[in-house]
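Data block below; observations after.
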Amino acid sequence: MLLLAIFLAALVVGVLPISGKLKVTATSSLNLLFSATGVAVALVGLVDTKQTHFVLRLGYQWLSLGISLTKLGALFLLLVSFVAATTSIYSISLPPTPAVTSSSLARSTFIFSMMGVVSASNALSFTFAWELMTISSAVLVASDVKKYPSSRSALLWYLTMSQMSAISLILGFSSISSTRSLGSSSLWTSFALSSNAPKSALGVGLLLFAFGIKVGLIPVHVWLPKAHPAAPAEISALMSGSMVAMGVYGMIITVTNFGGDRSIYWGEALIIVGAMTAIYSIIKAAIEDDLKVLLAQSTSENMGLIAVGVGTYICDIRLQDSFAANCALLAVILLTFAHAFFKQILFMAAGSIYSATKTKRINELGGLGSRMKFSTSTFSLGAIGAVGLPPSLTFVAEWLLLQTLSHSTAFNSKSSVAPKILFPLAIAAIALTTGIAVVTFTKIVGVGFLGLPRTSKAKSAVEVSRSTLIAPLVAATFIFAPAIAIGYVAREIDSVLHLNLSLSSQGNFTLSLPLFHASITPLAIAAIFICIGVVVGGITKATGRSKQALPAQYPWGCGQIAIDSTFQTSGSGFTEPILRIFDDVINPGRDVQVSHESESFYFAQRHLNVGSASTDLFEIRLLRPTISAIEKVANRARRIQGGSIHLYLIYAFIGLIVVISIASL
Amino acid sequence: MTFFLQLCAGTLLISTIVIVWRRSLKSTARLLSIQGLALGFGLFAVEVTRGNSLGVAISLTVLALKAFVLPLLIQRRLKIINQDSRPSDPSNNELRDDTYLNPTAGVFISALLIGGAFVVTGPLFTNTGSTSSYLAPTGIAIVLIGFLIISSRRRAISQLIGFVVVDNGITATALFVSGGVPTLVELSSSVDVLLVVLILQAFTYRLRDHFGHTDISQLRNLRD
Amino acid sequence: MTLKIISSILQCVVVVALSPLQIGLIRATKARLEGRSGGRLLRPWREISKLMRKETIRYGVGSSIMAAASIVTLSSSLALALTVPSLLQNSIIRPDLFVIVSILTIGAISQGMVGLASGTSFGGMGSSRHLTLLALTEPTLLISIYALSIASHTTDLAKIIQLRALHPIEVVSPVGILVVASLVIAVLSETGRLPIDNPATHLELTMIHEAMTLESSGRDLAFQELASSIKLTVLTSLLANLLVPWPIEPSISLGIAPAIFALCLKIAVLSIALSVGETFLAKVRLFRVPELLAGSLAIAFIAVIVSGVTTI
Amino acid sequence: MNYLLIIPLITAALAIAATFSARSSALNQYAPIFTGAITFITGLYLVATLHRTNISFGGVLRVDPLSAWMLMTVGAVGLVALGSGLRGGIDRGYSSLLNCFLAAMSLAVEADNIGVMWFAIEATTVATAYLVSMSGTKKSAEAAWKYVVIASSGIAIALLGVVIIFGASKGTTISWISLMRDHGLNQGLLRLGLSLSVLGFATKVGLFPMHSWLPDAHSQSPAPVSALMSGVLLSVALYLIVRMRLISEISLANTEIKGLLIAIGVGSIGVASLLMVRQSDIKRLLAYSSMEHMGVMAIGVAIGKDALPAVMTYILAHGLIKASLFVLAGRLVSKTGTSDISELAKSHNITGATKYLMILGLIGLLGLPPFAIFLAEVSISINGFTHGMAIFIVLSFIFALVAFSSVVRSTVQLAFGNGPDDYPSIALGIDQSLINDSITKSGSEVPSYVKTSTSKVESKQSRPSRIRIADLTVATALIAALVFPLLDASSQRAIEATLSALTGGAR
């Protein structure tokens with residue numbers, strides 16, 4: 001229990017009130033050490049067969065907090081500790097702002113609790129670590145509340161929503177454990193099929209709801225775009241990278257262990273919710289102007305895709321098509337890993353851009369490509385991963401997901417009607433989402449980094465210190481490396497989770513699915529692009545005539561010579577067509593302020609600004625009404641405690657009469 | 001023996017109904033002493049038939065307590081109010097107790113309660129050991145009426161009276177069901193009742209000098 | 001493996017050679033239909049060679065990016081030519097549905113980057129419209145190829161065409177027709193032909209593809225023009241092969257000459273049909289285009305339902 | 001070993017005698033703390049030693065592991081509440097009443113027969129009646145009056161129940177040990193008696209139909225008293241209901257009592273969480289959260305034997321956390337003069353130690369993991385499901401969520417001060433003016449009983465020595481709430497063993 005020892009060290013340093021700079025470096029280096037050992041333990045866990053058990057017995061017979069690393073747990077432990085390692089490298093070089101120093105304790109508890117979630121042995125320790133993760137991340141979200149007052153309300157939303165997820169977690173586990181003998185301390189290894197279906201179906205439903213909240217699926221995603229951006233950069237990287245993966249881990253656990261019964265249609269529900277989440281949040285991301293909120297929205301979009309994958313898994317299990325089901329599982333795992341890596345880079349690069357330009361709004365950026373070469377290029381690498389262009393792991397994962405969706409119903413004709421209609425819909429949804437994701441990330445890279453700097457902030461941007469950029473680089477390699485060696489990685493995961501996808505036949509670079517007659521070699525695609533580029537580049541070099549230095553040229557300025565940055569399309573202008581097409585989904589509030597000439601109403605003065613605030617459909621339609629309903633009921637309830645003693649005595653009197661009559665009948 | 005208990009139950013019921021009916025506090029104090037007398041006499045009769053001397057002694061003390069001490073306390077309290085209350089202002093006449101229920105409604109509801117008690121709890125008390133257990137529902141009825149008094153009277157003193165009626169009801173049930181509770185419980189419960197009455201009296205003084213009146217229904221500023 | 005490389009390179013050379021000719025053919029037929037004399041078939045080739053020789057002027061800020069982006073656009077079109085089975089079956093990358101769409105996306109993104117890097121309002125406007133339309137066409141492409149794959153149990157285009165060659169009933173089956181209909185609309189919007197974007201116009205506010213290439217000149221412009229023409233040829237050849245799958249050859253052999261000739265014939269016929277269609281159609285307002293694309297998506301869905309039903 | 005039972009009572013009596021004889025104010029202050037300490041030590045010793053048997057003394061007192069645990073809780077919460085809450089210079093009457101309060105509670109826990117238990121509970125009402133009205137304001141007089149009337153009429157119902165139980169056992173016994181073993185009880189009467197006494201004692205636990213006195217009494221009484229009351233008095237009354245439940249589980253055929261307890265429990269959680277939504281007075285908020293926690297415990301008790309160890313942990317943890325919170329709230333109110341949360345948040349003189357302890361306590365109260373309340377809640381829910389009470393557990397958790405959001409809102413307010421808040425965080429959503437005029441400002445004047453007026457404390461920037469010790473005790477209390485239930489495996493098993501022995505043997 002090396003982990004425990006190092007965690008305690010991190011805790012001690014966290015508590016020590018030493019000076020800012022020293023403390024930041026000390027805690028982050030300790031976190032780094034801590035997560036590095038995490039990676040080591042995960043690798044050991046993956047390789048050796050026997051499971052490491054460690055049970056801390058508490059009061060009663062089954063109330064024991066225990067750690068036992070299953071294979072899947074080890075895989076996710078690898079993910080969590082890798083993300084934690086890179087973020088702590090990033091945070092070593094952070095300036096010791098009060099926000100960072102005050103939250104160093106919470107940082108190490110956050111990482112520890114996530115490791116606890118992954119390696120929990122029974123339901124109770126899972127919930128214990130789950131809640132611990134929530135509080136420590138809440139403290140981190142609130143760490144710089146002084147600067148952003150809005151993060152106060154984000155904190156409120158976040159805490160209430162995660163409490164809702166914790167409650168449904170507890171209820172789900174209790175309803176499942178009630179179908180099982182209470183004494184069984186390890187809740188997920190022993191049984192595949194629960195005895196009486198209705199109760200465990202409710203349990204599975206509740207658990208999926210709980211993990212759905214954490215992952216940010218449609219009706220309950222409202223807190224994610226509020227909470228993730230409120231945290232400092234490397235914390236939101238950690239949150240979007242690994243905390244969301246905890247939700248996915250939970251989903252996989254519930255689905256593989258409890259999802260066996262035939263009757264209930266959780267699969268279809270998940271696919272529908274997942275597809276809607278993906279489309280809804282990517283549209284919101286497209287028109288979002290704040291960089292970090294945009295990234296948080298794209299997190300819930302990727303989670304939507306993952307939910308579709310999990311839904312396919314459940315449907316295929318129900319259709320007894322285990323090959324497709326396991327492919328869907330592999331796709332989900334790859335997508336989670338890919339998302340963790342590229343989202344991490346995006347948040348870190350956004351953090352360094354923010355620290356350089358002090359603004360998060362894309363409309364105020366521009367021309368950063370030339371000023372901040374390194375962080376913009378890492379951001380673009382992350383963007384390639386986010387959009388899923390060929391050489392990236394996301395591309396392979398989405399390809400695998402599409403293959404499973406398109407093939408699972410094709411074969412067995414006896415499949416029920418629902419998947420026949422649902423799967424093509426899901427494919428269309430995934431395609432639309434990737435399409436709009438292309439628009440979103442082109443907007444950031446194109447508008448944000450190319451062209452002329454739009455504001456003085458963008459003009460004065462200067463590259464962030466070298467050391468903060470090592471971490472994103474390390475993460476960047478992990479987007480493309482596993483994609484290139486996809487054959488090896490898939491075989492490794494297949495053998496670890498024994499999904500028996502019979503992938504062992506090809507080399508290390510191609511992932512072929514015999515049953516689906518489909519195979520893909522990302523290496524070949526990348527190779528083609530590179531050699532064509534070289535050939536074409538070579539030709540241009542050869543034929544290019546030597547030219548003398550050309551005078552400064554100006555693009556077409558519609559008659560004007562001096563062109564300035566206001567000519568360029570702004571970020572919101574770039575995605576205005578999407579806003580127009582999907583306006584009933586987003587119902588943007590639009591207000592136009594016109595400053596009028598003094599003498600007549602019809603002549604506008606110099607400037608006219610159009611503001612359009614995008615509100616969240618679900619928050620306005622679904623959550624706010626429920627909250628105001630509770631308030632109304634609470635208002636009426638206040639009369640219960642109306643102050644007059646006679647009222648209170650009447651309550652007691654009625655209670656007495658009721659009890660007497662019931663007791664004596 | 002059972003004749004005595006029936007007589008005692010009858011007087012108890014009548015006196016409670018009259019308490020509900022009458023408004024003036026002075027007459028209710030006198031009715032309370034009648035109730036105490038009946039109860040004490042009943043207890044004394046049961047203990048005599050059982051023949052254990054300790055029981056007899058206790059029943060006599062309870063008789064003394066319920067018949068004389070409590071009503072005395074209440075009468076003394078009324079005398080004090082009489083001195084400093086202003087007879088000229090009828091609304092604040094401390095002696096008359098205005099209530100949410102007018103007398104006829106009060107009597108009708110208490111009759112309803114008595115009938116209900118007998119109908120509902122009657123069968124329960126059939127096969128208990130002692131012979132007089134069929135009278136127990138009267139005790140429960142008295143408790144219910146006592147509650148009615150507490151929750152419907154506006155004056156602080158009348159709530160006190162309601163509380164004493166509830167306690168008499170309880171001792172009556174004990175008397176009828178099992179001929180009185182064990183000595184320790186008997187003693188402790190009557191001591192407690194005495195203490196509560198004393199405290200409530202002390203508080204009525206405190207209410208008077210804080211609020212200037214003892215009308216409970218105006219106590220409204222502690223609400224949510 | 002080497003045979004594969006050679007055959008794909010051959011296919012790529014053929015397609016590259018054909019594409020400017022096809023553009024020339026379309027322009028010539030349109031001119032003749034509208035009573036104009038119109039240039040000769042080889043005119044596009046001359047334009048491209050002229051541009052290659054001209055001096056490339058790039059606006060200071062975005063210069064390095066515009067050069068790189070135009071090269072990437074061209075390489076993506078060439079990669080497309082390599083993979084899509086217009087002439088031969090086996091290619092280096094298996095022409096899977098999602099791979100082709102991603103290569104198209106790479107091309108579109110780099111084209112968009114060129115538009116944005118120029119720093120003018122038209123470039124940004126053009127690339128935003130182009131990418132939005134790409135986002136809307138992607139579902140149609142995927143769903144129509146999925147409808148085909150239900151019958152042939154694979155999403156590999158080469159195998160699909162082979163299957164359609166073996167039993168021609170597939171071509172005339174309702175699924176086939178519906179898929180081709182939806183693909184036609186998708187291809188039109190992808191390559192920027194008339195109902196969606198008028199290639200011949202220079203009215204800044206309406207053009208989508210032209211706006212992006214507005215600022216590039218010389219060699220960059222040549223690459224972008226060549227790239228878009230290759231894309232047009234590749235997609236029309238895909239459509240042609242789906243309609244008339246027969247003279248497809250597995251790999252280099254004696255029958256290659258007739259195959260090339262058949263390909264040219266097919267592309268010529270389709271181009272003439274395209275230009276005839278274009279003379280009758282006017283450009284649709286930009287925000288009506290989503291309805292058009294939604295229609296094509298609906299057609300593709302009907303194809304899926306029909307194919308799902310018929311296979312049981 | 002039997003004489004141990006008497007020790008808490010004798011020390012209380014001695015302390016009262018001492019305070020009356022000696023005139024020194026220091027003695028007044030330390031006497032109750034001394035009794036609390038003695039009770040705690042005896043309780044701890046008994047918990048450690050007693051395993052399966054139960055020991056009795058003079059036929060009146062009987063202690064088995066269950067009541068030993070309760071004795072320890074009474075002592076522990078007494079120590080925390082009085083240790084850090086009591087200020088120097090309180091008068092004789094006040095300290096002797098506190099002693100009676102502690103003695104009454106330990107008597108209630110140790111009593112053998114139900115009648116004595118009833119007497120002890122009634123004695124606590126009598127003792128606290130004066131304590132509530134101590135602060136001498138108009139509001140506290142009203143609160144005291146309401147408290148006494150409602151509590152004593154509720155307890156009267158319990159007496160009626162005890163009498164009927166006595167009748168059910170045909171006038172032989174009302175000792176809970178024999179009631180559990182005796183089988184010849186008249187079922188009908190027993191059922192009526194048990195449900196009446198449960199309803200009666202529910203008044204003292206502050207459960208639904210009879211809860212109205214709780215918020216008034218707790219918000220008006222001085223800090224140590226309300227800490228003691230909501231920390232342990234409610235749980236002692238709940239202990240009595242536990243005894244009733246055990247009797248009903250063994251000698252009563254149907255599950256009448258279980259239904260009643262569930263109805264009361266869910267009702268009180270519902271009412272409490274709804275009333276907390278609009279609550280902006282810190283003490284009333286804490287009072288309502290005690291009511292909600294008591295509701296959850298009532299459901300735990302309704303489940304029966306299996307959930308009892310969880311309920312016991314819940315009682316201890318809740319007692320410690322709530323006592324320290326009330327003490328801290330008391331200090332805040334006395335320092336800033338107002339108990340309205342938004343004003344508290346505005347006034348910036350919440351010093352470092354109190355603020356962090358307050359937030360830590362509130363986190364514990366919310367049932368978040370590091371504290372034992374989370375473990376108890378989870379085990380109650382799992383047991384509830386296995387015993388087929390799924391719907392009620394779900395219902396109570398939904399209400400608990402509403403309560404959670406209101407407490408979280410106040411925690412954030414206290415931690416980070418009032419901020420412009422777009423989240424319509426229930427109370428915050430409505431504008432401040434509505435809150436101010438509808439609820440008259442509860443700015444109770446500084447309580448007169450404290451001779452050295454607190455204003456002096458402010459001026460001299462709070463005597464360091466006194467506050468430091470208080471913070472220490474509160475901190476230990478919170479840590480105890482964190483650690484103790486987790487590690488103390490032995491006592492849980494002991495309780496389990498005796499329960500099964502009792503119930504198993506008796507059946």
Side-chain angles (χ1 to χ4, degrees), chain A residues 57-63 123-124 127-132 134-135 142 145-146 149-150 152-157 159-160 163-164 167 170-171 173-175 177-178 182 199 202 624 627-628 630-631 633-635 637-638 640-641 645 647-649 651-652 654-656 658-660 662-664, chain D residues 146 149-150 153-154 157 188 191-192 195-196 199 203 209-210 212-213 215 256 260 271 274-275 277-278 309-310 313 363 368-370 374-375 377-379 381-382 384-386 390 393-394 397 400-402 404-405 408-409 412 416 419-426 429 485-486 488-489 492 496:
Chain A
R57 290 208 67 70
L58 289 180
Y60 339 121
Q61 73 284 25
W62 55 270
L63 183 65
L124 189 77
T127 336
F128 192 89
W130 185 265
E131 285 263 333
L132 202 62
T134 326
I135 318 170
V145 83
K146 295 293 177 293
S150 72
R152 254 175 59 77
S153 75
L155 189 65
L156 280 177
W157 278 100
L159 278 173
T160 327
Q163 175 70 1
M164 205 195 298
I167 283 180
I170 295 174
L171 292 178
F173 277 132
S174 4
S175 74
S177 68
S178 64
L182 192 62
K199 208 171 222 165
L202 174 75
R624 289 278 160 91
I627 289 179
S628 47
I630 294 174
E631 271 173 41
V633 168
N635 263 335
R638 281 172 60 183
I640 297 177
Q641 196 68 12
I645 186 167
L647 192 65
Y648 303 156
L649 286 169
Y651 295 152
I654 295 167
L656 178 63
V658 164
V659 164
I660 289 182
I662 292 175
S664 38
Chain D
K146 285 184 180 168
V149 169
I150 298 175
S153 53
I157 302 174
R191 192 174 61 193
L192 178 62
S195 27
L196 277 178
L199 184 70
T203 338
M210 342 282 247
S212 330
W213 61 274
E256 188 67 44
L260 174 67
V271 165
L274 283 181
L275 288 174
V277 162
R278 265 301 153 78
T313 330
I363 289 181
L368 295 174
F374 166 74
L375 292 172
E377 258 170 25
V378 167
S379 59
S381 113
I382 291 187
F385 269 86
T386 31
I393 299 281
V394 170
F397 264 115
L401 182 66
V402 174
F404 176 88
S405 69
V408 156
R409 177 175 40 70
V412 168
F416 302 111
D421 219 331
D422 62 343
Y423 159 54
S425 60
I426 303 186
L486 294 179
D488 170 34
Q492 300 307 316
E496 237 169 76

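Just the heavy atoms: all of them, side chains too, but no hydrogens, waters or symmetry mates, feed the values below. Here is the naming used below: chain letters follow the sequence lines, and residue numbers restart at 1 for every chain.
Per-residue heavy-atom pair counts under 4.5 Å with chain A were compared for D:Ser381, D:Ala400, D:Gly384, and the maximum is reached by D:Ser381. Chain D forms the most heavy-atom pairs under 4.5 Å with one residue out of A:Leu159, A:Ile654, A:Leu656, A:Thr134, and that residue is A:Leu656. Ranking D:Gly154, D:Pro215, D:Gly188, D:Ser153 against chain A, the residue ahead of the rest is D:Pro215, based on heavy-atom pairs under 4.5 Å. The residue among A:Val633, A:Leu649, A:Ile170, A:Leu171 with the most heavy atom pairs within less than 4.5 Å of chain D is A:Leu171.
For A:Leu647, no part lies under 4.5 angstrom from a heavy atom of chain D. Interface residue D:Leu192: backbone and side-chain heavy atoms are both found under 4.5 Å from chain A. The part of A:Ile135 that comes within reach of chain D is its side chain, from C-beta onward, which places non-hydrogen atoms under 4.5 angstrom from that chain. Residue D:Ser195 touches chain A through both its backbone and its side chain, counting heavy-atom pairs closer than 4.5 Å. Only the side chain of D:Phe404 comes within less than 4.5 Å of a heavy atom in chain A; its backbone stays farther off. The contact between D:Leu401 and chain A is made by backbone and side chain atoms together, counting heavy-atom distances below 4.5 Å.
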Check: Is there a side chain to side chain contact (heavy atoms under 4.5 Å, CB included) between D:Phe374 and A:Phe128 once you walk through the steps?
Finding: CA-CA 8 Å; D:Phe374 166 74; A:Phe128 192 89; 3.7 Å; yes
Next item on the list: Starting from the C-alpha separation in whole Å, work towards a yes-or-no answer on side chain to side chain contact (heavy atoms under 4.5 Å, CB included) for D:Met210 and D:Leu199.
Entry: CA-CA 9 Å; D:Met210 342 282 247; D:Leu199 184 70; 3.9 Å; yes
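The two atoms that bring A:Arg152 and D:Val412 nearest to each other are NH1-CG1, 3.2 Å, heavy atoms only. Here the closest heavy-atom approach between residue A:Ser174 and residue D:Ile382 is recorded as CB-CA, 3.5 Å.
For A:Trp130, the side chain to side chain donor-acceptor pair (under 3.5 Å) partners two or more places apart in sequence, or in a different chain, are A:Ser165.
One N or O on the side chain of D:Trp213 and one on the backbone of D:Thr203 form a donor-acceptor pair closer than 3.5 Å.
Residues D:Arg409 and A:Thr160 fail the side-chain proximity criterion, which asks for heavy atoms closer than 4.5 Å.
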